[in-house]
A.B. asks: 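Shown below is the structure under consideration.
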Amino acid sequence: MLDNELNRNEVQVMKRENMSQQLGMSSSQMGGPFAEVSSTMAVPETPKGGILVKVCYAGACYNEGQMKKRGVRPRFPGIRDTSLYPGYEIAGVIHDVCNTIPNCNYTPGDKVILFPEDSLASSGYAEYIPVQDAGCILQLPQNLGLDVAAMLPGGALTAYAAVTCAKPHVEKLQKVKSCVNVLIVGAGGLGLWSLRIAQYIMGPNCSNVKLFVADNSIDKLLTAQDHECYDIIHWNEEDHEEYIVERTLDACRGGVDIIIDFVSSPRTMSRSLKVLNREGLILVGGNSMTEVSISLNALAAKQQSIVGIPKGNLNQLQELVDAVSRGELRAPLYNIFNVEDANQVYEDLSECRITGRAIFKFANSTSSVDN
């Protein structure tokens, strides 16, 4: 699996029985990782000068700091000393507003998403989230469903930042090349969002830009084809490395000008450098948690660049909301699961049994806030 969200070698979700043994609890006592996130939980106080948000949907996502070789464990609310999955992708409705917020235009019932601050990682899967800084809240148009909106602050924003960063280099090369080749490494959630966003940002006028997607999963590559990317490259890990490089060069008719690699593992980086053209650019996500050796002399000789993907900002998130609500940008494939099934969902994700994104739906969600 090439996407940073799911790495078979690095992310192994501990099964429910093993977790209960470590915590000294029976399975019936413990329930799922979100079993205690229910309407019976006490509603927290609205922070002074802030807003209380009721969560309706949350994306199943990973934080790169949690990509550990020995496994990642979800947090069980109320249980100490467990790691957690981050809550960076949150969509819900305003439950309450502090009356001390100056010039407040927020109203209970407003559909909102939260900008992914680090503090959300410890509370994103709670039913209610107290938000101290109202500036981190974006109100949503009524026609934007909360299920799709939940993906925007995380994977979509990361992909948007990557494609936006690549755009000036694409425009520069367009002036001197008849065709600019852009390769997206990984056809998982981030890769599909990058594909859709690249198609949206570059638009129909960029006929001399060609998008390619590489992955080791045939199923994911077929999904990329369903998203109107017909230039797919199978990076079968059982094949000889040089054969994979030759296949990529043949598919790209000589080489690649820009590579968006959210994995940035030693293997994908080595492969990318071998297919990168002179003056080429590699955008890296840095989520592999492993070190990569790169020859600076070779980079300098070919005038190539390696740039980290910047963190998306609030303005870019607003641009995403506007584009999706207008129907100009469509969300890639996603699946909705009940939050109570989180244990099984994360296990399926770690074993690459889910294609596209996974979104958790909370029991408090109703059709009145989905549309």
A.B. asks: First locate atom CG of Leu211, then atom CD1 of Ile260, and finally report the distance between them rounded to the nearest 0.5 Å.
C.D. replies: 8.5 Å
A.B. asks: Calculate, to the nearest 0.5 Å, the distance between atoms OG and CD belonging to Ser217 and Glu237 respectively.
C.D. replies: 11.0 Å
A.B. asks: Could you check whether Phe360 and Tyr346 have their ring centres less than 6.0 Å apart?
C.D. replies: yes
A.B. asks: Side chains of Ser325 and Leu140: closer than 4.5 Å at any heavy-atom pair?
C.D. replies: no
A.B. asks: Does any non-hydrogen side-chain atom of Ile201 lie less than 4.5 Å from one of Thr164?
C.D. replies: yes
A.B. asks: Do Gln139 and Tyr106 get their side chains close enough for a donor-acceptor pair, meaning under 3.5 Å?
C.D. replies: no
A.B. asks: What is the distance from atom CG of Asn335 to atom CG of Leu349, rounded to the nearest 0.5 Å?
C.D. replies: 9.0 Å
A.B. asks: Is it the case that atom CZ in Arg330 sees more than 12 heavy atoms from other parts of the structure closer than 6.0 Å?
C.D. replies: no
A.B. asks: Please determine if Asp96 and Lys54 form a salt bridge, counting it only when a charged side-chain N lies under 4.0 Å from a carboxylate O.
C.D. replies: no
A.B. asks: Output, in order, the C-alpha distance, side-chain angles, deciding distance and verdict of side chain to side chain donor-acceptor pair (under 3.5 Å) for Asn277 and Asp257.
C.D. replies: CA-CA 5 Å; Asn277 284 332; Asp257 300 298; 3.1 Å; yes
A.B. asks: So among Thr248, Asn216, Thr268, which one has a side chain to side chain donor-acceptor pair (under 3.5 Å) with Trp235?
C.D. replies: Thr248
A.B. asks: Looking only at non-hydrogen atoms, find the nearest pair between Ala60 and Glu89 and report the distance.
C.D. replies: N-OE1, 4.3 Å
A.B. asks: Given Leu52 and Val131, is the side chain to side chain contact (heavy atoms under 4.5 Å, CB included) satisfied, shown in steps?
C.D. replies: CA-CA 6 Å; Leu52 185 62; Val131 181; over 6 Å; no
A.B. asks: If you count every heavy atom of other residues, nucleotides or ligands that lies below 6.0 Å from Glu45 atom CD, does the total exceed 12?
C.D. replies: no
A.B. asks: I want to check something: taking the side chain as every heavy atom from C-beta on, are His234 and Asp215 in contact at a cut-off of under 4.5 Å?
C.D. replies: no
A.B. asks: Are the side chain of Arg357 and the backbone N or O of Leu190 linked by a donor-acceptor pair below 3.5 Å?
C.D. replies: no
A.B. asks: Backbone N or O of Asn208 within a donor-acceptor pair of the Gln174 side chain at under 3.5 Å?
C.D. replies: no
A.B. asks: Taking C-beta and beyond as the side chain, do Pro153 and Leu114 meet within less than 4.5 Å on heavy atoms?
C.D. replies: no
A.B. asks: Between Glu328 and Arg196, does any NZ, NE, NH1 or NH2 come within less than 4.0 Å of an OD or OE carboxylate oxygen?
C.D. replies: no
A.B. asks: With a 4.5 Å heavy-atom cut-off, do Gln199 and Leu329 have their side chains touching?
C.D. replies: no
A.B. asks: So among Leu183, Val213, Leu249, Val275, which one has a side chain to side chain contact (heavy atoms under 4.5 Å, CB included) with Ile233?
C.D. replies: Leu183
A.B. asks: Starting from the C-alpha separation in whole Å, work towards a yes-or-no answer on salt bridge (Lys or Arg N to Asp or Glu O under 4.0 Å) for Asp147 and Lys361.
C.D. replies: CA-CA 8 Å; Asp147 50 353; Lys361 179 178 180 179; over 6 Å; no
A.B. asks: Listed by chain and number, what are the ring-ring contact (aromatic ring centres under 6.0 Å, His included) partners of His95, not counting sequence neighbours?
C.D. replies: Tyr128
A.B. asks: Verify the neighbour count for atom NZ of Lys167: are there more than 12 heavy atoms of other residues, nucleotides or ligands below 6.0 Å?
C.D. replies: no
A.B. asks: Is there a donor in the side chain of Gln344 and an acceptor in the side chain of Asp348, or the other way round, less than 3.5 Å apart?
C.D. replies: yes
A.B. asks: Please answer whether the main-chain N or O of Pro168 pairs with a side-chain N or O of Glu171 as donor and acceptor at a distance below 3.5 Å.
C.D. replies: no
A.B. asks: Pick from Val292, Leu276, Ile259, Val284: which one makes a side chain to side chain contact (heavy atoms under 4.5 Å, CB included) with Ile306?
C.D. replies: Val284
